[in-house]
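Quick note on labels: first sequence line is chain A, next is B, and so on, each numbered from 1. What you see is a predicted model, and the numbers here were worked out from it, not measured in a lab.
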Protein chains: 2
Amino acid sequence: MAVTLADVAQACGISPSTVSRALAGSPKVRPSTREHIRRVAEQMGYAPNRIARSLSMGRTGAIGVIVPDIANPFFPPIIKAIQARAARKDTAVLLVDTDEHAGDELERARVLARQVDGLVLVSPRTPEDQLAEFVRLAPVVFVNRRVEGAACVLIENADGLQQAVQHLTALGHQRICYLAGPRRSWSNRQRRASLAAACAEFGVELSEFGPFEPQMQAGVRAADLVRASGYTAVIAYDDLIALGLMARLAEHRMRVGRDISVIGVDDSPMSGLAYPTLTSIHVPGAEAGSVAVDLLLRRLDQPGSDPAVIELETHLVIRGSTGSVRLDPLPT
Amino acid sequence: MAVTLADVAQACGISPSTVSRALAGSPKVRPSTREHIRRVAEQMGYAPNRIARSLSMGRTGAIGVIVPDIANPFFPPIIKAIQARAARKDTAVLLVDTDEHAGDELERARVLARQVDGLVLVSPRTPEDQLAEFVRLAPVVFVNRRVEGAACVLIENADGLQQAVQHLTALGHQRICYLAGPRRSWSNRQRRASLAAACAEFGVELSEFGPFEPQMQAGVRAADLVRASGYTAVIAYDDLIALGLMARLAEHRMRVGRDISVIGVDDSPMSGLAYPTLTSIHVPGAEAGSVAVDLLLRRLDQPGSDPAVIELETHLVIRGSTGSVRLDPLPT
DNA sequence: CTGAAAGCGCTTACAG
DNA sequence: CTGAAAGCGCTTACAG
């Protein structure tokens, strides 16, 4: 029912082969015929059937993206950047949300791999020892997780966390409490290690509560632990936990930024709009997304190339949720 | 390189036709052969090439979903429900985020339509007079927008808003200020109309500021207008605007729930976790998503069927951001 | 520069 | 119940 290559060919009185080549912009077609064909095709409203093209070319022009949870504000900027970058390269994006079910990732990837040219795996939760499976499925780029021998786009939290610890010590805090993320999370292990290093460097005592799911509700739960413990400085695994924490502390009339300092990770849009505004570590999500697409597309075009590992940096954004120990801020 | 139908057929010593039928579960194949074929296929790791199947069947087994902005918390529940429902029906989902660019929707839909069996258009921003174009592209279901003659899943805000006005009047508020959403938004027009009706019913004065984009930042801007105006009750187009408003009011030491009452729309996860918690109108996003998939799939299977119009209801969820005029709440 | 032919991997009337 | 054949809409060596 849609107009096909053969229809255009017939209308032009020439062979489908030539129409195909003309539309592909092949230099082997005489310019005048090419123009004529193009005009006719346009005017007939011809649009190629991508499915048919995929089958004959052995390439789908699509990539698959798997994320744990699109409702977590960490992911939308990455997804948007992936879509934008892919669209620019005329590549479609199939998105799968696994709802944080680590056990589903491999199976979903297996199905997805058959319909796309390659996969971007964002913050996969699959255990270390099964990660190699993904690489066998299709060309793959991992985002926010290091996998030996595979292409990765990593977010290096060390700088941001080091700045966070420095900032807190400058404000007089001697002890820092870390609200840990999910145990299976690679980011969490990375953040905890960086934090330990930074605390050692500045001579600060570090302790930990958790693990917590990356959701505000978990931060609410954490709040009561934090209150009971008497810590004056908290670094949360992510902004969601930090925001939940702050909301609950406010309920108990604790003044965040005065009685207690809170730092998140992600620098999500909400962090600038909470009250008080949330000091947070900026994570270049959008950049990670577009770099991932570039890496994947390059791997598809040059199958031989070495899998690249890109590390992106982070930095601290200071806002209202951190302040000096026991000292009143500006008079109001 | 992957194992194909022909490979399986050869391994079994029978024709590809029969293998195809056996795997499709056709009753025309002798049960014993069917079992044998299945075992061999399984053991060879055969998985059908969906692209090839699509081409020969004229159906892709995928649906396209277009949303204005995945970063807006209104959409993730809908998207997740669509994915879950589609996955259960063995249908893939191609997701496109238009970044609130109304002008891009039609073009993106056009491209998408060629790779899927049908489209779900969530809260499309395209002007009224071009909406019919989508229907011509492919089988379509609209979510959160009424389109004459097309299948729609609508969220009827009237009940929720009526409850909201009733709630506010019961608390003693005589005037209500509405913070309007985007002008091109169908929801906004619908909400404004329902609100006007409810206010008329309860004899409340209604005025309006806006339009505002559905983002917290817009709520921050709105806050200064609201403060200057002296209104004691505000209903915002959505939770994001309401949350931005609350954050900014808090900065100015206004006590939301006491000095002023604020109501949002969406009942997003954050509304229960802000401080104070946000009274909001619950919108059944997840239900809308799965109903939309059902509708679309039914249209694909029964092309003749009439396009259904489903209306989902809303209701008010009362939390901490609304309170009596000028009266102190419980002593603490 | 252009065309006829084969092929991508499946499905499905049409014959047995 | 099973097989040979045609076809889905494209691309691309292979000949001219």
> Under a cut-off of 3.5 Å for both distances of each Watson-Crick or G-U pair, what dot-bracket string does DNA chain C give, using [ ] for crossing pairs and | for inter-strand pairs?
Replying inline: |||.||||||||.|||
> Separation of B/Asp7 atom CG from C/dC8 atom P, in whole Å?
Replying inline: 11 Å
>> B/Thr98 vs B/Asp104, test: side chain to side chain donor-acceptor pair (under 3.5 Å). Steps then yes/no.
In response: CA-CA 7 Å; B/Thr98 60; B/Asp104 290 355; over 6 Å; no
>> Just the rounded figure in Å: distance from C1' of D/dC10 to CZ of A/Arg59.
In response: 16 Å
>> As a quick check of understanding, evaluate salt bridge (Lys or Arg N to Asp or Glu O under 4.0 Å) for A/Arg146 and A/Glu311, giving each step before the final call.
In response: CA-CA 10 Å; A/Arg146 168 165 266 134; A/Glu311 306 210 341; 2.6 Å; yes
> Given atom CE of A/Met57 and atom P of C/dG9, what is their separation to the nearest angstrom?
Replying inline: 15 Å
> Between atom CD1 in B/Ile37 and atom C1' in D/dC1, what is the gap in whole Å?
Replying inline: 11 Å
> Whole Å only: how far is the CD atom of B/Gln115 from the P atom of D/dC10?
Replying inline: 14 Å
>> I need the residues from residues 46-54 of chain A with at least one non-hydrogen atom less than 4.0 Å from DNA chain D; give them sorted by number, or say none.
In response: A/Tyr46, A/Pro48, A/Asn49, A/Ala52, A/Arg53
> Is the count of non-hydrogen atoms from other residues, nucleotides or ligands lying under 6.0 Å from A/Gln10 atom CD greater than 12?
Replying inline: no
> If only atom types and distance count, is the side chain of A/Asp69 paired as donor or acceptor with the main-chain N or O of A/Glu100 below 3.5 Å?
Replying inline: no
> Which parts of residues 16-24 of chain A get close to DNA chain D, meaning a heavy atom less than 4.0 angstrom away?
Replying inline: A/Ser17, A/Ser20, A/Arg21
> Given C/dG3, is OP1 or OP2 found less than 4.0 Å from the side-chain N or O atoms of A/Ser15?
Replying inline: yes
>> Determine whether B/Arg125 and B/Glu105 satisfy the following criterion, salt bridge (Lys or Arg N to Asp or Glu O under 4.0 Å), listing intermediate values before the conclusion.
In response: CA-CA 8 Å; B/Arg125 312 303 199 196; B/Glu105 286 176 356; 5.4 Å; no
> What is the distance from CD of B/Gln10 to P of D/dA4, rounded to the nearest Å?
Replying inline: 13 Å
> What integer distance in Å separates A/Leu55:CG from C/dC8:C1'?
Replying inline: 4 Å
> Between B/Arg39 and B/Glu42, is there a salt bridge with N-O shorter than 4.0 Å?
Replying inline: no
> Mind checking whether A/Asn72 and A/Gln215 have side chains closer than 4.5 Å, heavy atoms only?
Replying inline: no
> Which residue, B/Pro73, B/Pro182, B/Ser123, B/Pro68, forms the side chain to side chain contact (heavy atoms under 4.5 Å, CB included) with B/Pro214?
Replying inline: B/Pro182
> How about B/Asn49 and B/Thr4: does a side-chain donor come under 3.5 Å of a side-chain acceptor?
Replying inline: no
> Between A/Ser17 and A/Ser20, does any side-chain donor sit less than 3.5 Å from a side-chain acceptor?
Replying inline: no
>> Taking the basic N atoms (NZ, or NE/NH1/NH2) and the acidic carboxylate oxygens, is any pair closer than 4.0 Å for A/Arg30 and A/Glu35?
In response: no
> At under 4.0 Å, does any side-chain N or O of B/Thr4 touch on OP1 or OP2 of C/dC10?
Replying inline: yes
